[in-house]
Amino acid sequence: MNPVTETFPTIPIERAGGLTPEVFQQRYLTGIGKPVIVTDALTSWKALSHWSFDLLKERYGTEGVAPRLPSDSNYLKLMTLGNYLHYLDDPTLPSPGLWVDAETFHPLPAPTETPAAPLYLGWNVFARHPELLEDVKLSPAFVEDLLPLLPAGLRKALDEETRFFAAGVMIGPKNAQLGIHHDLMDTHAYLAQIIGRKRCVLFSPEDSGALYNGKVNVDGPDFETFPLLRNATAYECILAPGELLFIPHHWWHHVVSLEKTITVNYNFFNRVNFSGYMTRFMRNLPTILEAVEGSPGSRAAMGIPWTCRGFDFPGSGSV
């Protein structure tokens, strides 16, 4: 595997602390924005001292999860969190669980070839276990965040019933990775590192054409097939526990775990990307409404009277 520093021009992602929203806006959100590692954003987070793999296994080990192979694969594996946490110690060993299609959840035969990277878990844990919110402070103090201004019922519905949830926990073994992508709904994002280190490689929106819509392999670029890739510049860092990487909207990112890791991710919008977020929201409104309609809990949280049309018979009057 060729390191990015041998194949791309590289700019180290700067580190900064003591940032006010006004200073942050000026330095990192003007124009196309600029990534930054905020070194003091997690000082009040209890998760840094409280969370461990053993704690998660003890509390939530029997819960079902669905880790997946790298983002260019359609494979998920249904298993318990306890079994997945055991898998982290040696991903080369067989692990219990059921392979399923990531879109349909229909069973699949096991992959015939050894996967390029191990299973990686994106866990929508805060909707299921809100007690863990006591250990973090999701809305950042250093930058404007308008997401909390959405009605609580709508945020609950998005988190619990759709794939647009704003916050979660990512867990993976050494070499687990998320292939190059940018995030849903035109959002800004951050990665808050709790345990372990990650190598993060970012590319500006201005390099989108050179990235061929995310089809390239950042760790082993093929310049013959993708010649424009030579024009891309990588912004790179090693993200350590206690640090937060801010990723402006539209920025591409590729993330690889250097050891077992636990990371909190958060997606949000503010005045900079409000228009883009709302445009994406409206485009996905049918999917969102379908999910809310199918969940009495979400309907109740939003103050929508719950009905069951399956018992309505035209012209039947009372039953």
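Throughout, residue positions are numbered sequentially from 1 according to the sequence presented.
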For R280, the side chain to side chain donor-acceptor pair (under 3.5 Å) test, sequence neighbours excluded, returns none
Would you check, one step at a time, whether the test side chain to side chain contact (heavy atoms under 4.5 Å, CB included) holds for L239 with R199?
CA-CA 6 Å; L239 188 65; R199 175 172 149 266; over 6 Å; no
Open item on the list: For a 4.5 angstrom cut-off between non-hydrogen side-chain atoms, does Y120 reach S257?
Closed with: yes
Is there a side-chain contact between Y75 and P111 (heavy atoms, below 4.5 Å)? yes
* Could you tell me whether the side chain of L19 reaches within less than 4.5 Å of the side chain of R27, counting heavy atoms only? => yes
Does N124 use its side chain to pair, donor to acceptor, with the backbone of D159 at less than 3.5 Å?
yes
Tracing side-chain contacts under 4.5 Å among Ile, Leu, Val, Met, Phe, Trp and Tyr outward from V256 reaches none
Heavy-atom distance under 4.5 Å between the side chains of L158 and I288, does that happen here? yes
With a 4.5 Å cut-off on side-chain heavy atoms, are L132 and Y60 touching?
yes
Is the shortest side-chain heavy-atom distance between Y235 and T10 below 4.5 Å?
no
key: Quiz item: cation-pi between K260 and F53, 6.0 Å / 45°   = yes
For side-chain hydrogen bond (donor to acceptor under 3.5 Å, both in side chains), just list the numbers for T80 and N83, CA-CA rounded to whole Å, side-chain angles, deciding distance to a tenth of an Å, and then say yes or no.
CA-CA 5 Å; T80 66; N83 284 334; 3.2 Å; yes
Q | Donor-acceptor side-chain pairing of W51 and D135 below 3.5 angstrom | A | yes
| query | When you look at H253 and D183, which way does the side-chain hydrogen bond (donor to acceptor under 3.5 Å, both in side chains) test go after all the steps? | reply | CA-CA 9 Å; H253 44 289; D183 287 349; 3.2 Å; yes
| request: Check the pair F274 / Y277 against ring pair (Phe, Tyr, Trp, His ring centres under 6.0 Å), numbers first and verdict last. | output: CA-CA 5 Å; F274 175 79; Y277 180 87; 7.8 Å; no
Less than 4.5 Å apart, any side-chain heavy atom of I171 and any of Y84? yes
Could you see if I238 belongs to whatever hydrophobic cluster contains V218? Use Ile, Leu, Val, Met, Phe, Trp, Tyr and a side-chain cutoff under 4.5 Å. no
Checklist entry - Can you check whether H106's main-chain N or O pairs, donor with acceptor, with T104's side chain at less than 3.5 Å? => result yes
Joining Ile, Leu, Val, Met, Phe, Trp and Tyr whenever any side-chain heavy atoms lie under 4.5 Å apart, the cluster holding F105 also takes in L76, L78, L98, V100
| task | Please assess L138 against L133 for the test side chain to side chain contact (heavy atoms under 4.5 Å, CB included), listing each intermediate value before the final yes or no. | result | CA-CA 8 Å; L138 292 177; L133 288 171; 3.5 Å; yes
- Message: If we ignore hydrogens and angles and just use 3.5 Å, is the side chain of E243 paired with the main-chain N or O of A240 as donor and acceptor?
- Response: yes
Requested in this report: Kindly assign one of parallel, tilted or perpendicular to the pair F24 and Y28, based on the angle between their ring planes and the thresholds 30° and 60°.
Outcome: tilted
Applying ring pair (Phe, Tyr, Trp, His ring centres under 6.0 Å), run through F269 and H188 and close with a yes or a no.
-> CA-CA 6 Å; F269 66 94; H188 305 307; 9.0 Å; no
- Would you please test E103 and N74 for side chain to side chain contact (heavy atoms under 4.5 Å, CB included) and show each step? CA-CA 7 Å; E103 296 296 329; N74 208 36; 3.9 Å; yes
The single option from V143, T187, D145 that satisfies side chain to side chain contact (heavy atoms under 4.5 Å, CB included) with N270 is V143
Does this structure show an ion pair linking E259 with K198, if we count only N-O contacts that are shorter than 4.0 Å? no
Taking side chain as C-beta onward, heavy atoms only, is Y190 less than 4.5 Å from V38?
-> no
State plainly whether the residues K46 and E134 are in salt-bridge range, i.e. N to O under 4.0 Å. no
